[in-house]
Amino acid sequence: MEKITSMVGTLCICIFVTGILYNIGCFKVTEKTIKFVISIYILVITFKAAMDIKLDFSMNSINDISMEYQNTEDAKDIIIEQTQLDIENIIKNRLDEKNISYNSISVHILEQSNNITIDKIDIQCKPEYKKEVQNCIKDLLTANTVVVIGE
């Protein structure tokens, strides 16, 4: 980009000098020569700009792509972990609202072929709260979700 701007600046200076020379002495030969030189200069600028464009298939670009893929995988893992924590917090808040005491809550999320489901919910609490706990988390459950409630 810097080369193009410097070439355009030089072209503007050439046009300015051409205008001055044309006004000093209006000769047909001088006018044709100046137009020819400017035309050649414009063609050289165009070809230089076209030659500067390169296709980069080096190992660095391939490594960059693989790093981007690895970063995407890392981001997926981070999102799954954060989702597990968020679901655990939702369950904790619901149990606290119902005044249900618990020792621990653990959520496991399963990812298979770009589908994410809650695989297992483990709530360590007294067995007498089982029915109330199930009512609190029933909207989070899927058909394959395993729920473990008890001590």
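Numbering of residues begins at 1 and proceeds along the displayed sequence.
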Legend entry - Under 3.5 Å donor-acceptor, Thr145 side chain and Asp119 backbone: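 Looks like no, no N/O pair under 3.5 Å.
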Inset, instruction - Look at the side chain of Gln84 and the backbone N and O of His108, then say whether any donor-acceptor pair between them is shorter than 3.5 Å. - result: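 No, the answer is negative, given that no donor and acceptor are paired below the 3.5 Å cut-off.
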Distance in Å, [X] [atom1] paired with [Y] [atom2], rounded so as to fall on 0.5 Å steps:
| X | Y | atom1 | atom2 | result |
| --- | --- | --- | --- | --- |
| Ile100 | Cys125 | CD1 | SG | 7.0 Å |
| Leu85 | Ile105 | CG | CD1 | 12.0 Å |
| Ile109 | Ile80 | CD1 | CD1 | 7.0 Å |
| Cys136 | Asn93 | SG | CG | 11.0 Å |

Inset, instruction - Determine, using the 4.5 Å side-chain heavy-atom cutoff (strictly less than), whether Val133 and Ile90 are members of one ILVMFWY cluster. - result: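 No, it is not one cluster - the side chains of Val133 and Ile90 are not joined through contacts under 4.5 Å.
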Legend entry - Shared hydrophobic cluster for Ile123 and Leu141 (ILVMFWY, side-chain gaps under 4.5 Å):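 They do share one cluster, since a chain of ILVMFWY contacts under 4.5 Å joins Ile123 to Leu141.
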Legend entry - Asp77 atom CG, over 12 foreign heavy atoms within 6.0 Å: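 Yes, enclosed.
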Inset, instruction - Indicate the atoms forming the closest heavy-atom contact of Val107 with Glu88, along with that distance. - result: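 Heavy atoms of Val107 and Glu88 come nearest at N-OE2, 3.1 Å.
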Inset, instruction - State which residues pass side-chain contact (heavy atoms from CB on, under 4.5 Å) with Glu81; sequence neighbours excluded, sorted by chain then number. - result: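 Testing Glu81 for side-chain contact (heavy atoms from CB on, under 4.5 Å), a comparison that skips the adjacent residues, returns none.
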Inset, instruction - Using the side chain to side chain contact (heavy atoms under 4.5 Å, CB included) rule, pick out the option among Leu140, Val147, Ile137 that qualifies with Ile118. - result: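 That would be Leu140.
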Inset, instruction - Evaluate side-chain contact (heavy atoms from CB on, under 4.5 Å) for Ile121 paired with Ile91, printing each intermediate quantity in order. - result: CA-CA 10 Å; Ile121 298 176; Ile91 294 172; 4.0 Å; yes
Inset, instruction - Can you tell me which residue pairs pass the salt bridge (Lys or Arg N to Asp or Glu O under 4.0 Å) test with a partner in residues 135-147, sequence neighbours excluded? - result: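 Listed once each, the pairs are Arg94-Asp139.
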Legend entry - Residues clustering with Val146 (ILVMFWY side chains joined when closer than 4.5 Å, directly or via others):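 Besides Val146, the hydrophobic cluster comprises Val148, listed by chain and residue number.
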Inset, instruction - Kindly indicate, with the supporting measurements, whether the criterion side-chain contact (heavy atoms from CB on, under 4.5 Å) is fulfilled by Tyr129 and Lys98. - result: CA-CA 10 Å; Tyr129 295 126; Lys98 300 280 185 179; over 6 Å; no
Legend entry - Donor-acceptor side-chain pairing of Gln82 and Asp86 below 3.5 angstrom: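 Side chains of Gln82 and Asp86: pair found under 3.5 Å.
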